[in-house]
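No experiment lies behind these values; they were computed from the predicted model shown. By convention in this document, chain letters (A, B, ...) are assigned in the order of the sequence lines, proteins followed by strands, and residues within each chain are numbered from 1. Keep in mind that the numbers below use all heavy atoms, side chains included, and drop hydrogens, waters and symmetry copies.
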There are 2 protein chains.
Amino acid sequence: MIKDLKLKTAEIEKISHLEYFNIAISVDCVIFSYKDKALHVLLIKSDLEEYSGLYSLLGDLVRPDEDLDSAPYRVLKQRTGMDDVYLEQVHTFGSIDRHVSGRVITTAYYSLIDIKHQKLKLDQNELHWHPVKEIKKLAFDHKIILDTCLQRLREQVMEFPIAFNLLPPKFSLRELQELYEAILGVKLDRRNFRKKIALKGWLQDLNVMENDVPHRPGKLYILKPAFKKRKAAKRSIQRNRSLVIE
Amino acid sequence: MIKDLKLKTAEIEKISHLEYFNIAISVDCVIFSYKDKALHVLLIKSDLEEYSGLYSLLGDLVRPDEDLDSAPYRVLKQRTGMDDVYLEQVHTFGSIDRHVSGRVITTAYYSLIDIKHQKLKLDQNELHWHPVKEIKKLAFDHKIILDTCLQRLREQVMEFPIAFNLLPPKFSLRELQELYEAILGVKLDRRNFRKKIALKGWLQDLNVMENDVPHRPGKLYILKPAFKKRKAAKRSIQRNRSLVIE
DNA sequence: ATATCAATGTGTATTTTGTACATATTTATT
DNA sequence: AATAAATATGTACAAAATACACATTGATAT
């Protein structure tokens, strides 16, 4: 292995196996959801003394027998019970001292999930949704990871039909616009927003009205099936060696 | 460490240290340059039997005592002698079987360098520039890494003042346009290109003419100093333990 | 010196996209 | 029946992207 990576023999001798396999690799998931007209992220209370009272993202070490891109699916499945989620790799963070207890390089993914989804069960209530806007500080470098993922989400949300992963299948244009406003952190003009979305051609008019609003109901829409693929990180077959915690 | 990542004690016992530290992490550099009016990439002949005759990207294992983002700088410095390069992290590739000799997860960076730079000395002539367009196959998953990095470069080149890293300090608008055409793989309209570049405000007119062309010379420009920062991956201080190969 | 060649340098009309903005309509509620 | 609150919709204007042609300059060849 070391040979493959073009070190010379003399150097190889000097380097113990452990020295190069001394770095752990993890994934961290920035799991976004949308409720109460605000973007939320799923956090867990850090159990490290160094970070007592702080929250952190959901992550886990990557297993030697799973693809990197499979690891965040596993984390999500374990923690939320959901397995049909939108996931996208964003960036890999690897400062020497980013983790207090050792050298861990982490690949960050963001995920978009519909909080009303049936399967969603928050693992032992250890997990809580936090409004993204109110998060000032997280354990490790997780605030930077969160900010990086939020920025990426903002870059992509107007270009690709991904925001719909945060909504139930049927939604009104008002709900959709409020979602976009929550993600982007800006107010949008209703007419211009509708024009833009119409131009994308992502939506299918159901010719059905909302029935749960205390005012004039709006039309309901769905994302056209053609756009329903959950692209991004591929979900390859996992070959777990019975390490799954459930 | 394992505790921090939220495995439970029962599980920890089952997992040997080596099992989790069994994954190596590397960086691979897609080093772009520009010559003969074509985008080139720096490759090395693979010395693995499995890939005999194929070329591969320049990479190395990340050392336990260097930041992830520092590793590609080290690789570039060692291989080309250059240390003031533009580098940007693109994506991390981690399929189980992407590397024939073991589990290696790799973070890909692309780099832009001026091939006419004085310091550039290709390590023992093992390295060669290949026109990107002509590359059909590479060792490992390096063709996919190359494609991913090229795509990212194309996305960024109109938005940020980075293409200039591929040119000598002084250049004509013709050279700049030819460079953009090489990167993007399309012909551009001269007047529209100039208008667009002018609008960006990146360039400073030197009021000096080319003198090495067999036709009417054009004006020479430089990138305004304010835009000369090599952003992207930060170059943190390395704390190497005398492992540098030179 | 003159003619030719090849590239530089420049502007306008058109289309497309983004932005600002107001009123009539529908339904639930009182 | 009146009111309140949201839906639904179009147009004028500005900004950005695109398509397109000709006069000028300097090097070169005769």
| For B:Lys195 and B:Arg190, take the nucleotide of DNA chain D holding the closest heavy atom to each; which residue's nucleotide lies nearer the 5' end? |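 Its nucleotide being nearer the 5' end, the pick is B:Lys195.
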| task | Identify the heavy atoms of A:Lys219 and A:Met209 that sit nearest to each other, and give their distance. | result |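 Nearest heavy atoms, A:Lys219 then A:Met209: CG-CE, 3.7 Å.
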| request: Would you name the heavy atoms of A:Val104 and A:Arg98 that are closest together and state the gap between them? | output: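 The pair with the smallest heavy-atom distance is O-NH1, 2.8 Å.
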Round to a whole Å and report the spacing from [atom1] of [X] to [atom2] of [N].
| X | N | atom1 | atom2 | result |
| --- | --- | --- | --- | --- |
| A:Phe171 | D:dT7 | CZ | P | 15 Å |
| A:Phe193 | D:dT7 | CZ | P | 12 Å |
| B:Asn192 | D:dA21 | CG | C1' | 13 Å |
| A:Ile197 | D:dA8 | CD1 | C1' | 16 Å |
| A:Leu173 | D:dA8 | CG | P | 7 Å |
| A:Glu175 | D:dA6 | CD | P | 14 Å |
| A:Asp189 | D:dT7 | CG | P | 13 Å |
| A:Glu210 | D:dT7 | CD | C1' | 9 Å |

| said: Given 3.5 Å as the limit, does a donor-acceptor pair link the side chain of A:Glu210 with the main chain of A:Gly218, or not? | reply: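 Judged by distance alone, yes, a pair lies under 3.5 Å.
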| task | Taking B:Thr106 for its side chain and B:Ser26 for its backbone only, find out whether a donor-acceptor pair lies under 3.5 Å. | result |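 It does hold such a pair.
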| query | Taking atom NE2 of A:His91 and atom CG of B:Leu68, what is their separation to the nearest 0.5 Å? | reply |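 The CG atom of B:Leu68 is 7.5 Å from NE2 of A:His91, to the nearest 0.5 Å.
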| said: Between the base of D:dA8 and the side chain of A:Arg191, is there a donor and acceptor pair under 3.5 angstrom? | reply: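 No, the side chain and the base share no sub-3.5 Å donor-acceptor pair.
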| field | Heavy-atom contact window of chain A on DNA chain C, given 5' to 3' at under 4.0 Å | value |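 From 5' to 3', the first and last contacting nucleotides are C:dT19 to C:dA28.
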Between protein and nucleic acid, restricted to nucleotides 24-28 of chain D and to nitrogen or oxygen atoms under 3.5 Å apart, what atom pairs and distances do you find?
unit_1, atom_1, unit_2, atom_2, d
D:dT24, O2, B:Arg216, NH1, 2.6
D:dT25, O4', B:Arg216, NH1, 3.4

| request: Describe, in one word, how the ring planes of B:His130 and B:His128 are oriented to each other, choosing from parallel (under 30°), tilted (30 to 60°) and perpendicular (over 60°). | output: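 Perpendicular, since the angle between the ring planes exceeds 60°.
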| said: Using a 4.0 Å heavy-atom cut-off, does B:Lys219 contact any base of the nucleic acid, only the sugar-phosphate backbone, or nothing at all? | reply: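 Result for B:Lys219 = sugar-phosphate.
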| query | Checking all strands, does A:Arg174 fall into the base, sugar-phosphate, or nothing category for heavy-atom contacts under 4.0 angstrom? | reply |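 Sugar-phosphate: the residue A:Arg174, judged by heavy atoms under 4.0 Å, touches backbone atoms but no base.
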| Which residue, B:Phe171, B:Tyr221, B:Phe227, forms the ring pair (Phe, Tyr, Trp, His ring centres under 6.0 Å) with B:Phe164? |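 Of all the options given, the one that passes is B:Phe171.
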| task | Could you check A:Ile115, A:Val85, A:Val75, A:Leu42 and say which one makes a side chain to side chain contact (heavy atoms under 4.5 Å, CB included) with A:Thr80? | result |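 Only match with A:Thr80 under side chain to side chain contact (heavy atoms under 4.5 Å, CB included): A:Leu42.
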| message | Exactly one of A:Glu181, A:Glu175, A:Glu178 should register a salt bridge (Lys or Arg N to Asp or Glu O under 4.0 Å) with A:Lys37. Which one does? | response |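 Between A:Lys37 and the candidates, salt bridge (Lys or Arg N to Asp or Glu O under 4.0 Å) is satisfied uniquely by A:Glu178.
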